[in-house]
Amino acid sequence: MKAFEKNIRRVEPYVPGEQPQHKVIKLNTNENPYPPAPGVKKVLEQMDADRLRLYPDPEASVLVEALAEHYGVGKGQVFVGVGSDDVLSMCFLTFFNSEKPVLFPDITYSFYKVWAELYRIPYECQKLDESFRIVREDYYKENGGVIFPNPNAPTGIYEGLEFVEDIIAHNQDVIVIVDEAYIDFAGKSALELLERYENLIVVQTFSKARSMAGMRIGYAIASPELIKHLNDVKYSFNSYTMNQTSLACGVEAVKDQAYFERTVKQIVDTRAWAVKQFEELGFTCLDSGANFVFVTHPAHDAGELFEELKKDGIYVRYWGSGRIRQYLRITIGTREEMEALFAFFRNKFID
Ligand SMILES: *Cc1c(COP(=O)(O)O)cnc(C)c1O
């Protein structure tokens with residue numbers, strides 16, 4: 001080992017789903033199968049490249065204002081970042097500075113562990129129960145902060161507001177982050193709890209329901225005090241996180257509520273239909289509030305299905321370890337994409 005190597009930080013990185021460069025049926029990273037709102041395309045077509053000489057607005061005002069208006073909160077209550085990954089990572093850095101462990105589920109978005117390790121934050125995973133549900137009592141103990149997604153990933157299970165509030169209410173001495181990447185496909189958001197809990201941060205993204213994973217926009221909504229702390233950390237190392245194009249496109253996406261509702265409904269409808277198809281084929285599906293389903297089959301090995309699907313040009317997500325070894329996470333695509341998936345299963349299972 002070279003002398004300088006001993007001072008290099010070593011972390012276990014997050015491993016995202018593959019982004020194959022050839023054409024495949026891509027049901028592996030929970031992207032939206034529909035294009036972004038038409039206004040987004042228009043902005044891109046009318047973009048003036050000359051403006052790129054200038055730095056973007058460090059306060060990201062146009063987007064912050066559009067989101068504040070949309071959700072009926074103050075401008076001082078919105079923080080935007082480069083995808084919710086950026087926002088969540090900034091939250092870890094800003095709010096999780098206790099000696100006590102941060103709590104999150106053992107089966108959840110695997111980035112939480114990566115950030116905790118990167119920032120040297122102690123953490124303790126809480127086991128999901130037999131049916132892959134979060135056990136609320138596990139979050140009653142002393143801790144340095146709490147984070148969980150609702151719906152959870154990769155299970156897709158959504159817990160009602162009463163459940164979410166119970167966890168927040170038991171943790172009023174620390175910051176509780178509810179990661180709502182999939183909330184638009186599920187039910188009520190924890191946003192309405194903000195009035196009562198000044199320790200709550202709700203994080204959402206444009207990547208899933210707003211079809212803009214490639215643009216990288218996420219946001220946090222919380223009390224003005226917490227948002228100020230987030231901004232202080234952001235300005236302490238990079239003022240210009242949001243580029244001009246993202247800001248302009250983000251505003252257009254927020255404005256088109258009708259398009260948003262229509263495409264979300266299409267995905268929710270396709271999900272309901274797909275769940276029936278999976279069940280007819282003998283799969284067990286966890287109850288999903290997301291744009292994906294988490295499925296297992298009693299007679300077919302998940303790892304083998306994953307490999308065979310891939311050979312056929314259909315990409316799904318597979319972890320192949322621990323309690324989820326026999327599960328596949330399958331994004332809800334268009335009806336046609338799902339038809340192709342089910343045709344594959346029917347052919348295979350009949351042989
Ligand atoms: C997709 C996802 C995110 C991150 O999304 P961004 O593309 O970074 O906005 C965060 N949390 C969960 C649970 C997700 O599934």
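When a ligand or atom number is given, it counts from 1 through the structure's own listing order. Computed over heavy atoms, backbone and side chain alike; hydrogens, waters and symmetry mates excluded.
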Practice task
List for me each residue that meets side chain to side chain contact (heavy atoms under 4.5 Å, CB included) alongside Asn238, sequence neighbours excluded, and say none if there are none.
Solution key: Tyr240, Thr241
Exercise for the section: Could you tell me whether a side-chain N or O of Asp256 sits under 3.5 Å from a main-chain N or O of Gly39, the two making a donor and an acceptor? Expected result: no
Between [Y] and [X], is there a cation-pi geometry (under 6.0 Å to ring centre, at most 45° from the normal)?
X	Y	value
Arg329	Phe292	yes
Arg325	Trp319	no
Arg210	Phe260	yes

Handout entry: Nearest candidate to atom 6 (P) of ligand 1, where distance is taken over non-hydrogen atoms, out of Ser84, Pro151, Ala181, Ser110
Key = Ser84
Practice task
Specify the protein heavy atom at minimum distance from atom 11 (N) of ligand 1: its residue, its atom name, and the distance to 0.1 Å.
Solution key: Asp179 OD2, 2.7 Å
Problem - atom 2 (C) of ligand 1 [closest protein heavy-atom partner, distance rounded to 0.1 Å] - result: Lys208 NZ, 2.5 Å
Numbering as shown, the atoms of ligand 1 that approach [X] to under 4.0 Å (heavy-atom distance):
X	answer
Ser207	6 (P), 7 (O), 9 (O)
Gly83	8 (O), 9 (O)
Arg216	6 (P), 7 (O), 8 (O)

Handout entry: ligand 1 to Tyr112 polar contact by distance, N or O atoms, under 3.5 Å
Key = no
Completion exercise
side-chain contact (heavy atoms from CB on, under 4.5 Å) with Val203: of Asp85, Ile183, Leu88, Ile221, only one passes, and it is Leu88
Practice task
Determine, using heavy atoms of Tyr182 and all atoms of ligand 1, whether some pair is separated by less than 4.0 Å.
Solution key: yes
